Q: 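Got a structure for you, written out below as structure tokens; questions coming shortly.
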Amino acid sequence: MAKCSICGKGAHFGKAVSHSHRRSSKMWKSNIKRVRVKTDGGAKKMYVCAACLRSGAVERA
């Protein structure tokens, strides 16, 4: 799974618990996009989560 280049957010793991309390593995995936970002040397593609995009932590190219 990809991780956010800004905050490091990635997939989270846990257990899904049914009504009868049977447990199975579950994975929550983060909303991660591959976007073009302005950097010192120009523009490059990075993996960035939607929360960092909304907050303005990165400047899109």
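The structure presented is a predicted model; accordingly, all values stated were derived computationally and were not measured. All values below come from the heavy atoms of this structure, side chains included, with hydrogens, waters and symmetry mates left out.
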Q: Could you go step by step and tell me if K15 and S24 meet the side chain to side chain contact (heavy atoms under 4.5 Å, CB included) rule?
A: CA-CA 6 Å; K15 299 283 186 188; S24 59; over 6 Å; no
Q: Of the non-hydrogen atoms in W28 and F13, which two are nearest, and what is the gap between them?
A: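 For W28 versus F13, the nearest heavy atoms are CZ3-C, 4.0 Å.
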Q: Determine, using the 4.5 Å side-chain heavy-atom cutoff (strictly less than), whether M46 and V58 are members of one ILVMFWY cluster.
A: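 In one cluster: yes.
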Q: Once rounded to the nearest 0.5 Å, what's the spacing between atom NE2 of H19 and atom CZ of R22?
A: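 Answer for the NE2-CZ pair, H19 versus R22, is 14.0 Å.
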Q: Minimum heavy-atom separation for G8 to K3, with atom names?
A: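 Nearest heavy atoms, G8 then K3: O-CD, 3.9 Å.
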Q: Nearest 0.5 angstrom please: C52 SG to N31 CG, how far?
A: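 Nearest 0.5 Å value for the SG-CG distance: 11.0 Å.
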Q: Ignoring hydrogens and angles, tell me if any N or O in the side chain of S30 forms a donor-acceptor pair with the backbone of G10 under 3.5 Å.
A: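 Yes, S30 side chain to G10 backbone: donor-acceptor pair under 3.5 Å.
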Q: Could you tell me the separation between the NZ atom of K33 and the SG atom of C4, rounded to the nearest 0.5 Å?
A: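 It comes to 12.5 Å.
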Q: Stepwise, does the side chain to side chain contact (heavy atoms under 4.5 Å, CB included) test hold for R60 with L53?
A: CA-CA 9 Å; R60 293 183 78 164; L53 284 173; 4.2 Å; yes
Q: To the closest 0.5 Å, what do you measure between CZ (R36) and CZ (R34)?
A: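 It comes to 11.0 Å.
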Q: Using the rule that Ile, Leu, Val, Met, Phe, Trp and Tyr join whenever any side-chain heavy atoms are under 4.5 Å apart, tell me whether I6 and Y47 fall into a single cluster.
A: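 Shared cluster, no.
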